[in-house]
Amino acid sequence: MCGITGWVSFHQDARSQTPVIEAMTAELTRRGLDAGGVWLGERAAIGHRRLAVIDLEGGVQPMTDRPNEPTTVLSHSGEIYNHHELRAELRGRGHVFGTRSDTEVVLRAYAEWGEAVAEHLDGMFAFAVWDERAERLLLVRDRLGVKPLYWAAVDGGVAFASEPKALFRHPELRPRVDADGLREAYSLLFNTGPTVWSGVREVEPGGLLVLDRDGIRERRYWQLEASAHADDRDAAIARVHDLVSTAARSQLEADVPLCSLLSGGIDSTVLTALLADELRLREGPDARIRSYAVDYSDQAEQFTGDILRTGHDTPYATEAGAFIGTDHSTVVLDPRALLDPEHRKAVVVARDSPIGVGDMDTSLYLLFGEIRRHSTVALSGEAADEVFGGYPWFHDPKALAAATFPWLLVTGDEAAMPLNPELGLRIGEFRDDTYRDALAAVPHLDGETPTEHRQREMQHLSLTRWLRQLLHRKDRLSMAQGLEVRVPYCDHRLVQYAFDAPWALQSFDGREKSLLRAAGAGLAPDSVLRRPKNHYPATHHPDYNRGLQDLARDALSVAQVRALADETRIKPCLDTPPERLEWGHRLRLERVVDLALWLDHHQPELAL
């Protein structure tokens, strides 16, 4: 896992811009604590920060196809899980390798297949290839968008980076936010492409960008399709088990310590069990995988259910760890530590965005920091809810009937920081227009029943939008601690198979995640298999609420915050007794605090 950056310009000589590419690369140091390097040619400057995971000695980047007079330069972030198979195929085609790294496989694969290289890769990745002979830049992002990749136009070309903060070290780019950016951020629609930053865009998941002297060309090399599903229930359960197992096995490779995130839910428990079984096959019956859960020091006494949480995670995680036979640890956080200004600032800086989920972001950041003391790679159950229909909105008639994005019925205006109406952002209209466009992009099969039609829409919206912000959160907060997090449920073959499965099969037992629950039989305790969906834990301590209200009052003393926020809708959240502050109103305060931190750090130009 790493950070990549650079630019290409046909109007200037990059060889005189060493301080610029070094500054852009330095902004990504947290993403790659082990090494860094730059390469400069006449038209291109390429930078890289490395977190060494595979072939610690041989994977140095930027990587060139030959040491003297290179014709191809690569800066690569992520992991290629089929690199062994590709290496064998490319050797058969005459390619010679000098390292064991998956990065060199990408480099040689580009030499063989050009921009079609993306379709040969399995994994989570974002990379840039500069082709000296063709004078062509290729930017590629993995199919589900696990790894980030941003770009912006500069004179005569484009600049690119794993995070926007690196782009802003280029002399032509500045952090600027306009009305469109605020709409993107605060509408909670999670569009792909545009960002909060004016002029900064994402390479789309499953997409690539080509820049040459003819200009910029973008295309998708992968996206979800609707295909007929032929398997019966037993075959589908067996196929899901096989796909999840294959994804888990392929992502276990690392030359550094590796662990699993084990929350006590079905997603992480099934994954951890498969990883533990594979590790024992490889290393012997006594091998034990490390597993980690997070909790708060007040949780056993203070826990109260809310719209997202039905129970306390720790007992289930402990039971699951014992059942599987992991070396399990629970990282217990003091709720008051989540108020620490330095921790909160680190989270906002990592995100490059004012939009997050407050204490849940800060606790995840602190959890990753503790895990990083022992492990460099962690595997997570992220995406199983999107893949297997785990969220309440798949099963709630009200959500299914609503003509809007389903998560807005949970988060909505209660959880979104209300913006000053004088800004005239018309977020309601923006949401309506975006929803229509989102539904138009959903693929369907002829002859679908109304139920199947609607559930396919729900799953597509969840996989292409809601999942996007969860992957963004996990990438930014883990990489800010120098930890690589892998997400096997994002394997594109598993995602496509589940997307094709009829809803009657996805919910055959009348519950959420029917296929995964059946495929996981024997891999998890019955208590976990029967357990309903439970979201990432949040603290329930009144002292945290009280401290958050104080931070929000301080944030509202900042003139720029007052200019953007609707104080009349925030004041009731400040006046509510801390012990009675509801989750949605608390999240509203979190976003006021994050806005102040974001403005202070980035000092953006507000073009409103």
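All of these numbers come straight from a predicted model, not from anything done at the bench.
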Colleague: Is the shortest side-chain heavy-atom distance between Trp222 and Leu144 below 4.5 Å?
Modeller: yes
Colleague: Does any non-hydrogen side-chain atom of Val203 lie less than 4.5 Å from one of Phe160?
Modeller: no
Colleague: With a 4.5 Å limit on heavy-atom distance, are the side chains of Val105 and Phe97 in contact?
Modeller: yes
Colleague: Could you tell me which non-hydrogen atom of Ala26 sits nearest to which non-hydrogen atom of Thr29, and how far apart they are?
Modeller: O-OG1, 2.7 Å
Colleague: Answer whether the closest heavy-atom distance between the side chains of Met458 and Trp503 falls below 4.5 Å.
Modeller: no
Colleague: Establish, from distance only, whether the side-chain atoms of Asp65 and Tyr110 form a donor-acceptor pair under 3.5 Å.
Modeller: no
Colleague: Pick out which of Glu79, Arg108, His83, Gln61 makes a side chain to side chain donor-acceptor pair (under 3.5 Å) with Thr103.
Modeller: Gln61
Colleague: Is it the case that atom CZ in Arg169 sees more than 12 heavy atoms from other parts of the structure closer than 6.0 Å?
Modeller: no
Colleague: Could you please spell out the steps behind the side chain to side chain contact (heavy atoms under 4.5 Å, CB included) verdict for Leu121 and Leu86?
Modeller: CA-CA 8 Å; Leu121 305 177; Leu86 285 176; 3.6 Å; yes
Colleague: Using the side chain to side chain contact (heavy atoms under 4.5 Å, CB included) rule, take Ser101 and Met63 through it: C-alpha gap first, then chi angles, then the decisive distance, then the call.
Modeller: CA-CA 11 Å; Ser101 74; Met63 185 176 285; 3.8 Å; yes
Colleague: Hey, what's the ring geometry for His444 with His453, parallel, tilted or perpendicular (30° and 60° as the breaks)?
Modeller: parallel
Colleague: Residues two or more places apart in sequence or in another chain: which of them pass salt bridge (Lys or Arg N to Asp or Glu O under 4.0 Å) with Glu184?
Modeller: none
Colleague: Sequence neighbours left out, what passes ring pair (Phe, Tyr, Trp, His ring centres under 6.0 Å) with Phe405? Give chain and number order.
Modeller: Trp407, Tyr435
Colleague: Where the side chain of Arg87 meets the backbone of Arg100, is there a donor-acceptor pair that is under 3.5 Å apart?
Modeller: yes
Colleague: Taking the basic N atoms (NZ, or NE/NH1/NH2) and the acidic carboxylate oxygens, is any pair closer than 4.0 Å for Arg136 and Glu115?
Modeller: no
Colleague: To the closest 0.5 Å, what do you measure between CG (Leu261) and CG (Leu271)?
Modeller: 9.0 Å
Colleague: Could you walk me through whether Glu512 and Tyr391 pass side chain to side chain donor-acceptor pair (under 3.5 Å), step by step?
Modeller: CA-CA 7 Å; Glu512 75 281 359; Tyr391 289 114; over 6 Å; no
Colleague: Can you give me the closest heavy-atom contact between Leu28 and Ile4, atom names plus distance?
Modeller: CD1-O, 3.3 Å
Colleague: Using a strict 4.0 Å threshold on nitrogen-to-oxygen distance, state whether Arg493 and Asp122 make a salt bridge.
Modeller: yes
Colleague: Taking all heavy atoms of Leu40 and all of Gln17, pick out the closest pair and write down the distance.
Modeller: CD2-C, 3.9 Å
Colleague: Could you pull out the closest heavy-atom pair between Ile289 and Ser260, with the gap in Å?
Modeller: CD1-CB, 4.2 Å
Colleague: State, yes or no, whether a side-chain contact exists between His374 and Pro257 at a heavy-atom distance under 4.5 Å.
Modeller: no
Colleague: Are Arg31 and Asp475 within salt-bridge range, i.e. N to O under 4.0 Å?
Modeller: yes
Colleague: Run the ring pair (Phe, Tyr, Trp, His ring centres under 6.0 Å) test against Trp197 and tell me which residues pass, sequence neighbours left out.
Modeller: Phe168, Trp598, His602
Colleague: Assess the residue pair His120 and Glu112 against the criterion (side chain to side chain donor-acceptor pair (under 3.5 Å)); give the C-alpha distance rounded to whole Å, side-chain angles, the decisive distance to 0.1 Å, and a yes or no.
Modeller: CA-CA 11 Å; His120 293 264; Glu112 182 68 29; over 6 Å; no
Colleague: Closer than 4.0 angstrom, basic N to acidic O: yes or no for Asp142 and Lys147?
Modeller: no
Colleague: Which value, rounded to the nearest 0.5 Å, describes the distance between Glu386 atom CD and Leu471 atom CG?
Modeller: 8.0 Å
Colleague: What is the minimum heavy-atom distance between Cys2 and Leu51, and which atoms define it?
Modeller: SG-N, 3.7 Å
Colleague: By the definition side chain to side chain contact (heavy atoms under 4.5 Å, CB included), identify the one residue from Leu33, Ile371, Leu258, Val256 that meets it with Thr376.
Modeller: Val256
Colleague: Do the non-hydrogen side-chain atoms of Val270 and Tyr489 ever get within less than 4.5 Å of each other?
Modeller: yes
Colleague: Mind jotting down which residue pairs meet the ring pair (Phe, Tyr, Trp, His ring centres under 6.0 Å) criterion with at least one end in residues 227-254? Sequence neighbours excluded, please.
Modeller: His229-Tyr497
Colleague: Flag the pair Lys165 / Val349 as yes when at least one side-chain heavy-atom distance between them is below 4.5 Å, and no otherwise.
Modeller: yes
Colleague: Please identify each residue that fulfils salt bridge (Lys or Arg N to Asp or Glu O under 4.0 Å) with Asp231, with sequence neighbours left out.
Modeller: none
Colleague: Does any part of the side chain of Val117, heavy atoms only, come nearer than 4.5 Å to the side chain of Phe127, both counted from C-beta?
Modeller: yes
Colleague: Please report the shortest heavy-atom distance between Arg249 and Arg282, naming the atom on each side.
Modeller: O-NH2, 3.0 Å
Colleague: Could you check whether Arg473 makes a cation-pi contact with Tyr536, meaning its NZ or CZ is under 6.0 Å from the centre of the six-membered ring and within 45° of the ring axis?
Modeller: yes
Colleague: I want to check a possible cation-pi pair here: Arg456 against Phe499, using under 6.0 Å from ring centre and within 45° of the ring axis as the test.
Modeller: yes
Colleague: Do Arg486 and Val53 pass the side chain to side chain contact (heavy atoms under 4.5 Å, CB included) test, and can you show the C-alpha distance, the side-chain angles, and the key distance before you say yes or no?
Modeller: CA-CA 12 Å; Arg486 300 176 183 176; Val53 172; 3.4 Å; yes
Colleague: Could you walk me through whether Leu56 and Asp34 pass side chain to side chain contact (heavy atoms under 4.5 Å, CB included), step by step?
Modeller: CA-CA 9 Å; Leu56 307 189; Asp34 295 322; over 6 Å; no
Colleague: Mind checking what makes salt bridge (Lys or Arg N to Asp or Glu O under 4.0 Å) contact with Arg15, not counting sequence neighbours?
Modeller: Asp13
Colleague: Please step through salt bridge (Lys or Arg N to Asp or Glu O under 4.0 Å) for the pair Glu132 and Arg66, ending with a clear verdict.
Modeller: CA-CA 12 Å; Glu132 277 271 273; Arg66 53 192 189 189; over 6 Å; no
